[in-house]
Amino acid sequence: MREYPFELALCAHLEATTDRVVARQIGAGVHAPGNRVLDVVCVEPGPEFEERAALTSETIPPLAVESEAGVGRARPWRDAVDASADHARRVVDRAVEVGFFERERRGGREYVRQVARYPDWVGRLVGVENKPDLGDPGDLETQLRKDVSLALVDEIVLATESYVTRAHRNRLPDEVGIWRFDPETGEREVVREAEPLATDEAGVELLDVHPGRTDVRVAGADAKARRRRRMAERAYGKGWRPDALPACAEAAVRDGGLPHCRWKGTVVDPRECGPACPGHDPADPPEFDADAERDDRSPWVADPEGRARRQAGLDRFG
């Protein structure tokens with residue numbers, strides 16, 4: 001199976017069998033966040049998870065969380081966010097939109113404050129690298145060594161559909177766990193348990209590799225903690241379901257969000273569905289309420305108490 005449908009099937013399985021918040025494609029670097037993107041990130045709820053779920057179903061802008069605007073302390077919007085004026089304006093507007101900031105006018109100036117204290121809601125982070133076919137590993141070993149060296153997640157796991165040989169295991173860092181997952185049956189075998197990584201200590205981030213030289217940079221414990229919170233916050237708002245479903249009469253939805261093609265008999269990537277497919281039959285996408293499914297199947301809350309659901313989200317897949 002190709003990596004995209006494998007990834008979606010694994011996310012659906014993890015959401016159904018754990019109490020974690022599951023999300024896809026989350027940046028996992030400190031100094032260069034886009035330099036490493038984890039296929040799947042699972043966030044285990046921490047001690048104040050319910051308080052976080054009550055705030056908003058969306059991702060709260062990181063700079064709003066890290067701002068000088070407290071719960072009982074309103075600050076001029078420009079002083080609250082450490083960024084350029086244009087960027088700070090976007091952060092403030094978004095924080096107000098998702099319900100984390102409220103604003104008021106004083107003498108013609110705009111002030112902002114947090115509506116509630118940002119809670120300690122993040123437990124353990126588990127990162128998953130998907131490689132259905134170990135016969136075509138690509139940069140797998142380098143990617144996993146990056147994760148172990150930086151230790152940004154508490155555990156890193158390789159998920160594959162292939163039979164895992166001793167040679168495969170020996171090529172991977174000892175700390176990496178291994179799952180063998182069958183996307184058709186949903187069966188997951190733990191071939192090797194992951195070892196805990198030192199997330200509360202400094203790590204080494206691999207930035208680039210050149211002939212005869214490797215560029216690295218140390219990431220301190222505080223910087224890692226900030227990035228972990230940002231990863232978890234992004235995962236909470238993003239989830240794993242695709243943004244759109246195929247506009248085809250052969251399209252259906254299975255297992256809480258998997259875009260399935262009846263003509264091909266498999267999970268498909270909606271971005272690749274269209275007139276070029278011999279089985280394409282133009283039609284409206286299947287009706288599906290992604291927020292309702294996620295709310296029902298995970299700890300994430302679609303409609304936090306006291307906040308009206310955004311109308312834009314009601315028909316996202318309709």
Query raised in the report: Is the number of heavy atoms from other residues, nucleotides or ligands within 6.0 Å of CD (E195) greater than 12?
Result: yes

Requested in this report: Give a yes or no on this: more than 12 heavy atoms of other residues, nucleotides or ligands lie within 6.0 Å of atom CD of E193.
Outcome: no

Report task. Output the distance between atom OH (Y118) and atom OG (S67), rounded to the nearest 0.5 Å. Result -> 12.0 Å

Query raised in the report: Do the side-chain N and O atoms of H87 and S84 include a donor-acceptor pair separated by under 3.5 angstrom?
Result: no

Query - Heavy-atom closest contact (P62 atom, R230 atom, distance) - result: CB-NE, 3.3 Å

Query - Shortest non-hydrogen contact from G29 toward L150 - result: CA-CD2, 4.2 Å

Report summary line: L152 and L125 have their tightest heavy-atom pair at O-CD1, 4.4 Å

Query - Sub-4.5 Å side-chain heavy-atom contact between E110 and R78 - result: no

Report task. Check each of R241, R297, R20, R294 against E15 using the side chain to side chain donor-acceptor pair (under 3.5 Å) test, and report the only one that passes. Result -> R241

**Report entry** Non-hydrogen side-chain atoms of N130 and E161 separated by less than 4.5 Å
**Finding:** no

Query raised in the report: Would a hydrophobic clustering, with Ile, Leu, Val, Met, Phe, Trp and Tyr connected at side-chain separations under 4.5 Å, put V65 with V41?
Result: yes

Query raised in the report: If you draw a 6.0 Å radius around CZ in R106, do more than 12 non-hydrogen atoms from other residues or ligands fall strictly inside?
Result: yes

Requested in this report: Please check if atom CZ in R169 has more than 12 non-hydrogen atoms from other residues, nucleotides or ligands closer than 6.0 Å.
Outcome: yes

**Report entry** Pair D200-K224, side-chain contact (heavy atoms from CB on, under 4.5 Å): steps then yes or no
**Finding:** CA-CA 8 Å; D200 57 351; K224 285 173 55 175; over 6 Å; no

Query raised in the report: Does the distance from a Lys or Arg side-chain N to an Asp or Glu carboxylate O, for R124 and E155, drop under 4.0 Å?
Result: yes

Query - Side-chain touch L8/D255, heavy atoms, less than 4.5 angstrom - result: no

**Report entry** Stepwise salt bridge (charged side-chain N to carboxylate O under 4.0 Å, His left out) check, R117 with E51
**Finding:** CA-CA 9 Å; R117 178 185 63 84; E51 287 86 341; 5.8 Å; no

Query raised in the report: Can you find a heavy atom in the side chain of V176 that is under 4.5 Å from one in the side chain of V148?
Result: yes

**Report entry** Test side-chain contact (heavy atoms from CB on, under 4.5 Å) applied to C11 and V40, step by step
**Finding:** CA-CA 7 Å; C11 286; V40 178; 3.8 Å; yes

Query raised in the report: Does the side chain of E189 reach to within under 4.5 Å of the side chain of W179, using non-hydrogen atoms?
Result: no

Report task. Return yes when atom CG of N170 has more than 12 non-hydrogen atoms of other residues, nucleotides or ligands closer than 6.0 Å, and no otherwise. Result -> yes

Query raised in the report: Going through the checks in order, is the side-chain contact (heavy atoms from CB on, under 4.5 Å) test met by D291 and W300?
Result: CA-CA 9 Å; D291 286 353; W300 179 84; 3.7 Å; yes

Requested in this report: Look at R229 together with E233 and state whether they make a salt bridge at an N to O cut-off of under 4.0 Å.
Outcome: no

Report task. Using a strict 4.0 Å threshold on nitrogen-to-oxygen distance, state whether E129 and R36 make a salt bridge. Result -> yes

Query raised in the report: With the 4.5 Å side-chain cut-off for hydrophobic clustering, are W263 and L258 part of the same group?
Result: no

Requested in this report: To the nearest 0.5 angstrom, please state how far the CG atom of D147 sits from the CG atom of L197.
Outcome: 8.5 Å

**Report entry** Residues R90, D86: salt bridge by 4.0 Å N-O rule
**Finding:** no

Query raised in the report: Are a donor atom and an acceptor atom from the side chains of E102 and Q114 found within less than 3.5 Å of each other?
Result: no

Query raised in the report: Do NZ/NE/NH1/NH2 and the carboxylate oxygens of E141 and K131 come within less than 4.0 Å?
Result: no

Query raised in the report: Which heavy atom of V204 sits nearest a heavy atom of V216, and at what distance?
Result: CG1-CB, 3.7 Å

Query - Cluster check L144, L207: I/L/V/M/F/W/Y, side chain < 4.5 angstrom - result: no

Query - Distance-minimising heavy-atom pair for A244 and P270 - result: O-CG, 3.2 Å

Report task. Kindly indicate whether a cation-pi arrangement holds for R103 with W77, taking the cut-offs as under 6.0 Å to the six-membered ring centre and within 45° of the axis. Result -> no

Query raised in the report: Under 4.5 Å between side-chain heavy atoms, hopping through other hydrophobics if needed: is there a path connecting I156 to V191?
Result: yes

Report task. Would you please classify the geometry between the F181 ring and the H13 ring as parallel, tilted or perpendicular, with 30° and 60° separating the classes? Result -> tilted

Report summary line: When every non-hydrogen atom of P286 is compared with those of P246, the smallest separation belongs to CD-O, 3.5 Å

Query raised in the report: Is any side-chain heavy atom of L172 less than 4.5 Å from a side-chain heavy atom of R145?
Result: no

Query - Check ion pair E7-R2 (N to O, under 4.0 angstrom) - result: no

Query - V128 side chain reached by L38 side chain, heavy atoms, under 4.5 Å - result: no

Query - CG-CD distance between D215 and E205, expressed to the nearest 0.5 angstrom - result: 11.5 Å

Query raised in the report: Any chain of hydrophobic side-chain contacts (each under 4.5 Å) joining V268 to L10?
Result: no

Query raised in the report: What do you reckon, is CG of D182 surrounded by more than 12 foreign heavy atoms closer than 6.0 Å?
Result: yes

Report task. Just do the side-chain contact (heavy atoms from CB on, under 4.5 Å) check on R113 and E104 with the steps written out, would you? Result -> CA-CA 9 Å; R113 64 161 61 88; E104 62 183 60; 2.8 Å; yes

Query raised in the report: Within 45° of the six-membered ring axis of W240 and under 6.0 Å from that ring's centre, is NZ or CZ of R24 located there?
Result: no

Query raised in the report: Is the shortest heavy-atom distance from the side chain of R228 to the side chain of T199 under 4.5 Å?
Result: yes

